[in-house]
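Written below as structure tokens is the structure these notes are about.
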Amino acid sequence: MLHPDTEVRWISKEIGCGVVATRAIPKGSITWVQDPLDRILSPAQVAALPGPCRETLYKYAYRNRHGEYVFCWDNTRFMNHSFTPNCITTAYSFELAVRDIAEGEELTNDYGSLNIIEPFQACDEGTERKVVYPDDLARHYQQWDQKLEGAFDSVHRVEQPLRELLSAEQWEKACHIAEKRAPMDSILNCLHRG
């Protein structure tokens, strides 16, 4: 489930629609949690889908570390890629805001962390990276981990509207990381090695 202080808006002709903050979302906020309504499909289930359904799934789903496709039921599917994302997934089935997100700003993540199958040319953001590759998670996890560690520092001090969707174990782990009582598991744990 996506953070409640968001909505889908038209971004541009080049980008299409995206998810935008309807009020400020502070660094350390949980911006997305995998919830029971999200659909998880095996590669065999995906292969059995009719062509148009399969194409929609490939466009809007991501792959988890098991190679399964996660199709989010809500507006999460409209989160766009950025090489300088303000949200990054964790090894705990939720995403964090890795910096403050202003009201009216688009929420983004780096599709390189989502186990994509085919590389694609992304919008030019003036960054060194121009293409998203299937092995980006293995190549860039250290910089994403560093941003996540900074975001975890605030996780227990900011309002968390999605907290009730976390298991007790997920929340306890997040708090232990924030309080430096446990190490953070690397985002590299999300890598599908199939």
Check the angle between the aromatic planes of Phe120 and His81 and answer parallel, tilted or perpendicular using the 30° and 60° thresholds.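 Taking His81 first and then Phe120, their aromatic rings stand perpendicular (interplane angle over 60°).
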Can you tell me how far [atom2] of [Y] sits from [atom1] of [X], rounded to the nearest 0.5 angstrom?
| X | Y | atom1 | atom2 | result |
| --- | --- | --- | --- | --- |
| Asp153 | Lys180 | CG | NZ | 3.5 Å |
| Leu188 | Arg139 | CG | CZ | 13.5 Å |
| Cys123 | Ile15 | SG | CD1 | 4.5 Å |
| Lys173 | Ser167 | NZ | OG | 12.0 Å |
| Met184 | Leu148 | CE | CG | 5.0 Å |
| Tyr62 | Met79 | OH | CE | 11.5 Å |

Other residues, nucleotides and ligands only: do more than 12 of their heavy atoms fall within 6.0 Å of CD on Glu164?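 Open: at most 12 neighbouring heavy atoms sit under 6.0 Å from CD of Glu164.
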Got a sec: does the CZ of Arg77 have more than 12 other heavy atoms crowding it under 6.0 Å?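 Yes - once you tally the heavy atoms of other residues, nucleotides and ligands closer than 6.0 Å, there are more than 12.
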Heavy-atom closest contact ([X] atom, [Y] atom, distance):
| X | Y | result |
| --- | --- | --- |
| Asp110 | Pro85 | N-CB, 3.7 Å |
| Pro43 | Gly67 | CG-O, 3.6 Å |
| Ala138 | Leu191 | CB-CD2, 4.3 Å |
| Val155 | Ala178 | CG1-CB, 3.7 Å |
| Ala97 | Pro26 | CB-O, 3.7 Å |
| Ser113 | Leu137 | O-CD2, 4.0 Å |

For [X], check side chain to side chain contact (heavy atoms under 4.5 Å, CB included) against everything at least two apart and list the hits.
| X | answer |
| --- | --- |
| Arg99 | Asn86, Glu105 |
| Pro4 | Pro161, Leu162 |
| Lys147 | Ile88, Val98 |
| Glu68 | Ile40, Asn64, His66 |

Transitively linked via ILVMFWY side-chain contacts under 4.5 Å: [X] with [Y]?
| X | Y | value |
| --- | --- | --- |
| Val19 | Ile101 | yes |
| Leu165 | Phe94 | yes |
| Val20 | Trp10 | no |
| Val8 | Phe71 | yes |
| Leu166 | Met1 | yes |

Ring pair (Phe, Tyr, Trp, His ring centres under 6.0 Å) partners of residues 141-188, not counting sequence neighbours, each pair once: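 Every pair satisfying ring pair (Phe, Tyr, Trp, His ring centres under 6.0 Å) with a residue in residues 141-188: His140-Trp144.
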Checking the side chain of [X] only, and the main-chain atoms of [Y] only, is there a donor and an acceptor separated by less than 3.5 Å?
| X | Y | value |
| --- | --- | --- |
| His3 | Thr31 | no |
| Tyr92 | Asp185 | yes |
| Arg63 | Asn115 | yes |
| Asp145 | Ser186 | no |
| Glu149 | Ile177 | no |

Can you find a heavy atom in the side chain of [X] that is under 4.5 Å from one in the side chain of [Y]?
| X | Y | result |
| --- | --- | --- |
| Tyr69 | Tyr58 | yes |
| Thr89 | Ile187 | yes |
| Trp32 | Asp38 | yes |
| Asn80 | Tyr111 | yes |
| Cys17 | Asn75 | no |
| Ile25 | Leu107 | yes |
| Lys130 | Asp124 | yes |
| Lys27 | Leu96 | no |

Residues which pass side-chain hydrogen bond (donor to acceptor under 3.5 Å, both in side chains) with [X], listed by chain and number, not counting sequence neighbours:
| X | result |
| --- | --- |
| Ser82 | Thr84, Glu125 |
| Asp35 | Trp73 |
| Glu179 | Arg181 |

Identify, with sequence neighbours excluded, every residue that meets ring pair (Phe, Tyr, Trp, His ring centres under 6.0 Å) alongside Tyr60.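 If we apply the ring pair (Phe, Tyr, Trp, His ring centres under 6.0 Å) test to Tyr60, skipping adjacent residues, the hits are Phe78.
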N/O donor to acceptor pairs below 3.5 angstrom from side-chain atoms of residues 50-57, sequence neighbours left out:
from  : atom 1 : to    : atom 2 : distance (Å)
Arg54 : NH1    : Ala47 : O      : 3.4
Arg54 : NH1    : Leu49 : O      : 2.5
Thr56 : OG1    : Pro52 : O      : 3.0

Taking ILVMFWY side chains as joined if any heavy atoms are under 4.5 angstrom apart, and letting links pass through other members, which residues group with Val131?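 Members other than Val131 - counting any ILVMFWY side chain reachable under 4.5 Å - are Tyr133.
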Just grab all the salt bridge (Lys or Arg N to Asp or Glu O under 4.0 Å) pairs involving residues 3-13, residues at least two apart or on different chains.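 For residues 3-13: Asp5-Arg23, Glu7-Arg9.
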